[in-house]
Amino acid sequence: MKFSKIALTTAALVATAWSAFAADISGAGATFPYPVYAKWADAYKKATNVGLNYQSIGSGGGIKQIKAKTVTFGASDAPLTGKDLDEAGLAQFPMVMGGIVPVVNLDGVKPGDLVLDGPTLAKIYLGDIKKWDDPAIAKLNPGAKLPSQAIALVHRSDGSGTTFNFTYYLADVSPEWKSKVGTNTAVQWPGGIGAKGNEGVANNVGQTKGSIGYVEYAYAKQNKLTFTKMVNKAGKVVSPTSETFQAAAANANWKSQPGYGVILANQPGDVSWPMTAATWILIYKTPTDAAATGEALKFFAWSYDKGQEMAKELDYVPMPTNVVTDIKTMWASDIKDSSGKPLFAMTH
Amino acid sequence: MSEVALNETNVAAGTGVTRASVLNRLRTTDAAFRTLTRIAVLTVLALLSGVILALLIGSVPAFKAFGFGFVTTEVWNPVTEKFGALAPVYGTLVTSFVALVIAVPVGLMIAFFLTELCPMWLRRPIGISIELLAGIPSIIYGIWGLFIFAPFVQKYIQPFLIDAFDGVPGLQDVFAGPPYGIGMLTAGFILAIMVLPFITSISRDVFDAVPAVLKEATYGLGCTTWEVFKHVILPYTRVGVIGGVMLGLGRALGETMAVTFVIGNAHTVSASILAPGTTISASIANEFTEAVGDLYTSSLIALGLILFVITFIVLAIARYMLLRLHQKGR
């Protein structure tokens with residue numbers, strides 16, 4: 001039984017590696033931005049006749065493949081540290097953003113009715129708050145009729161950037177979460193059930209009364225799930241919308257981390273959504289195949305400039321213009337072929 | 001043979017083909033065929049040892065870091081990089097056990113019905129529809145399990161079980177709530193449906209092989225249908241039945257997709273079979289793509305190695321049982 005599975009995995013890996021040569025630009029990694037990358041690729045192909053082959057195999061896989069040099073770029077929902085980037089000779093920049101929202105299933109509660117804050121959410125997922133009529137939840141929702149119902153926890157079972165950003169936020173607001181559970185693409189959950197993918201979480205929440213889960217905003221919006229509002233760092237109640245995600249991105253200090261590796265959780269600002277998340281691209285600073293990297297940079301530049309509306313249609317948030325200009329300047333100065341000639345020229 | 005005969009007439013007709021050259025040619029083709037069969041066997045053996053070797057090498061870092069304790073530890077913490085295989089191993093064994101407890105009696109009864117009681121014209125349609133169950137891709141079982149079966153289990157089966165065994169010592173822990181709908185029991189149910197065709201079709205074939213004279217003689221003695229089944233058919237066919245059960249068990253142990261959807265994917269060992277758990281193959285499928293770091297990846301490969309060993313042990317036990325039955329039968 002087992003070996004057939006391993007043989008399949010191997011075959012899949014080989015196939016991935018092979019198909020990488022078939023397309024003009026090849027990339028692999030995060031699943032979270034896949035819909036928007038696919039949309040950009042489609043439009044870019046029509047505009048320039050250059051195709052993109054993106055394998056959404058997960059951030060971990062994307063990092064492995066770019067390090068093995070089987071793809072031109074890797075994509076990850078969790079940024080690499082400055083040390084990792086330097087050791088591998090990689091450049092890193094954020095491509096697009098999105099938000100993560102808690103979703104609940106409570107009788108009589110409609111989308112946006114319920115308000116939660118970070119410490120309460122952490123306590124719920126730690127199992128310290130067991131019932132919906134807990135004083136901590138009641139305090140945030142004065143006047144709301146909360147049932148004395150057990151809270152059923154739902155989390156992602158597969159490793160995911162969504163979990164990374166969610167647990168990062170919980171660790172940021174709750175010292176107890178930081179010491180007991182921590183932050184990663186997969187963690188040791190104190191309780192609850194694991195479901196595969198956004199759709200798995202959504203479905204389990206949908207059919208379990210009294211449950212809570214977390215999904216990407218685009219997914220929650222398209223499937224009309226009962227999302228909650230959140231209290232942000234400034235103490236204000238905010239709804240998950242493109243505006244509040246953008247506010248979080250605008251308030252972030254992108255230069256503070258190497259490779260723009262700023263995690264957008266719990267950013268300051270009155271209208272910032274506390275669980276905003278970016279997704280990153282990894283590319284070699286001195287690539288072996290300079291032509292392919294040059295093509296990839298052209299695609300990214302095109303996507304930053306022309307792809308904003310397409311991103312918004314899919315409920316992603318485009319990067320702020322000042323950050324994009326900064327990223328392009330970085331490309332022009334840092335990404336070179338073996339003779340030291342820059343692979344990207346600032347034209348815009 | 002006809003070829004040889006034909007060639008001999010050629011010899012007789014004096015076409016210059018000698019008997020020796022014909023025989024020579026036959027000898028070379030035969031040798032070539034034998035070599036080909038050997039190569040086929042060696043390829044499979046080489047693949048198998050390659051897989052074992054790859055699993056062994058891949059799991060070295062995990063066993064180096066955690067020692068034998070890897071198998072007996074429940075912790076699975078990607079943040080602190082502490083890993084133990086107890087929860088997935090436990091989940092694998094429990095779900096497979098539940099599957100067999102359900103599928104073996106049901107499968108045997110279906111097989112008996114089809115061979116002994118079913119009207120002739122119904123046998124083929126029923127037989128084919130059960131075999132069709134084996135052709136449904138496991139992802140379909142997973143989706144069906146998550147969207148349709150799990151809510152049903154949550155609404156009707158689990159509350160019933162929790163209430164029925166409440167207060168019964170021992171059993172109340174095995175059937176402890178809350179009813180999530182998904183969990184080890186649901187996974188066991190789905191696995192039971194998936195292994196049912198294996199058990200049914202093999203049992204049906206061996207039941208068919210029971211000599212009619214034996215059955216007729218037993219009926220003639222005044223035995224009931226149940227007695228014929230219990231005292232004649234089962235003892236006569238147990239070797240084949242065990243073979244079918246083991247084949248089903250092999251499938252249940254390694255099944256991935258369908259289980260991942262409905263087991264709840266929690267790395268915990270709990271006494272209640274209603275609680276969420278995980279299996280070896282579900283853990284690998286869930287976590288391999290995003291496993292960053294050597295120790296994490298290695299621990300997942302080590303899980304694969306453990307599943308390999310479990311499957312090997314199951315097959316070995318099956319062989320041993322068949323051997324003993326064979327000796328007793330003689």
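Lettering follows sequence order; numbering is per chain, from 1.
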Is it the side chain or the backbone of [X] that comes within 4.5 Å of chain B heavy atoms, both, or neither?
{"X": "A:V181", "answer": "backbone"}
{"X": "A:T183", "answer": "backbone"}
{"X": "A:T185", "answer": "side chain"}
{"X": "A:S211", "answer": "neither"}

Contact summary for [X] and [Y], nearest pair of heavy atoms:
{"X": "A:G192", "Y": "B:Y180", "answer": "CA-OH, 4.2 Å"}
{"X": "A:H155", "Y": "B:N265", "answer": "CE1-O, 4.2 Å"}
{"X": "B:Q154", "Y": "A:Q207", "answer": "OE1-O, 3.2 Å"}

Measure B:A282 against the heavy atoms of chain A and call it side chain, backbone, both or neither at under 4.5 Å.
neither
Report which part of B:V75 has an atom under 4.5 Å of a heavy atom belonging to chain A: side chain, backbone, both, or neither.
both
I'd like to verify something: which residue of B:I52, B:N286, B:T297 has the highest number of heavy-atom pairs under 4.5 Å with chain A?
B:N286
Residues of residues 78-98 of chain B under 4.5 Å from chain A (heavy atom pairs)?
B:P78, B:V79
Is it the case that atom [atom1] in [X] sees more than 12 heavy atoms from other parts of the structure closer than 6.0 Å?
{"X": "B:D294", "atom1": "CG", "value": "no"}
{"X": "A:Y34", "atom1": "OH", "value": "no"}
{"X": "A:K64", "atom1": "NZ", "value": "yes"}

Just how far is it from atom [atom1] of [X] to atom [atom2] of [Y], taken to the nearest 0.5 Å?
{"X": "B:F261", "Y": "A:N204", "atom1": "CZ", "atom2": "CG", "result": "10.5 Å"}
{"X": "B:L146", "Y": "A:K196", "atom1": "CG", "atom2": "NZ", "result": "12.5 Å"}
{"X": "A:T208", "Y": "B:I182", "atom1": "OG1", "atom2": "CD1", "result": "7.0 Å"}

Most contact-rich option vs chain B, by heavy-atom pairs under 4.5 angstrom, among A:G182, A:A195, A:G61, A:A186, is A:A186
